[in-house]
Chemist: 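Attaching a single structure in structure tokens format; questions to follow.
Note that this is a predicted model, so its numbers are computed, not measured.
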Amino acid sequence: ATFWKAAAFEAVATERVEFAKHDLKQNVALVHTLRSKLRPSWRLVLGNIHVLFNPKRGDIKLAQLRVLFAEVARVREEA
């Protein structure tokens, strides 16, 4: 879940990132685009991730972060 102050921001878009599509376990992430209510031209793109919990599989965690950052960059370009 991702929370923000409803008085300050409104959600413009939400993207679900499923890591299983990249053979990176069954974890997911959400990428939100928020618009400022005080300054409507301002956008905030944020991600919320649940990475693999396995201390021996740092490689998968890094790959999941790489996929998330690529998605955040794509969404940012579109915002």
Chemist: Would you mind writing out the side-chain donor-acceptor pairs for residues 49-56 within the sub-3.5 Å range, not counting sequence neighbours?
Modeler:
unit_1, atom_1, unit_2, atom_2, d
H50, ND1, N27, ND2, 3.0
N54, OD1, K56, N, 2.9

Chemist: Start with the C-alpha gap between V17 and V31, add the side-chain angles, then the distance that decides, and say whether side chain to side chain contact (heavy atoms under 4.5 Å, CB included) holds.
Modeler: CA-CA 8 Å; V17 181; V31 177; 4.1 Å; yes
Chemist: Among residues at least two apart in sequence or on other chains, which ones pass side-chain hydrogen bond (donor to acceptor under 3.5 Å, both in side chains) with H22?
Modeler: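 Scan of H22 (side-chain hydrogen bond (donor to acceptor under 3.5 Å, both in side chains), adjacent residues dropped) gives none.
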Chemist: If you look at every heavy atom in I60 and L24, which pair is closest and at what distance?
Modeler: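 What the structure gives for the nearest pair is CG2-O, 4.3 Å.
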Chemist: Taking only residues two or more places apart in sequence, or in another chain, which ones meet R16 in a salt bridge (charged side-chain N to carboxylate O under 4.0 Å, His left out)?
Modeler: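 Expected list: E18.
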Chemist: Test question: given the 4.5 Å side-chain rule for I, L, V, M, F, W and Y, name all other residues clustered with F9, or answer none.
Modeler: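 W4, L34, L44, L46, listed by chain and number.
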Chemist: I need the full list of salt bridge (Lys or Arg N to Asp or Glu O under 4.0 Å) pairs touching residues 40-51, with sequence neighbours left out, sorted by first then second residue.
Modeler: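 Sorted pair list comes back empty.
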Chemist: With a 6.0 Å cut-off (strictly less than), is the heavy-atom count around NZ of K25, excluding the residue itself, greater than 12?
Modeler: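 No, because the 6.0 Å sphere around NZ of K25 holds 12 heavy atoms or fewer from other groups.
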Chemist: Quick check against the 3.5 Å criterion: does N48 have a side-chain atom that pairs as donor or acceptor with the backbone of A29?
Modeler: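 Checked: no pair found.
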Chemist: Show which side-chain atoms of residues 67-79 pair as donor or acceptor with protein atoms under 3.5 Å away, not counting sequence neighbours.
Modeler:
unit_1, atom_1, unit_2, atom_2, d
E71, OE1, R74, NE, 3.4
E71, OE2, R74, NE, 3.4
E71, OE2, R74, NH2, 2.5
R74, NH1, E78, OE1, 3.1
R74, NH1, E78, OE2, 2.7

Chemist: Could you list the residues that satisfy side-chain hydrogen bond (donor to acceptor under 3.5 Å, both in side chains) with T14, not counting sequence neighbours?
Modeler: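 T14: side-chain hydrogen bond (donor to acceptor under 3.5 Å, both in side chains) contacts with H32.
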Chemist: Give every residue pair that meets the salt bridge (Lys or Arg N to Asp or Glu O under 4.0 Å) criterion with at least one member in residues 27-42, sequence neighbours excluded.
Modeler: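 The answer is E10-R35.
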Chemist: Please identify each residue that fulfils side-chain hydrogen bond (donor to acceptor under 3.5 Å, both in side chains) with R57, with sequence neighbours left out.
Modeler: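 By the side-chain hydrogen bond (donor to acceptor under 3.5 Å, both in side chains) rule, R57 matches D59.
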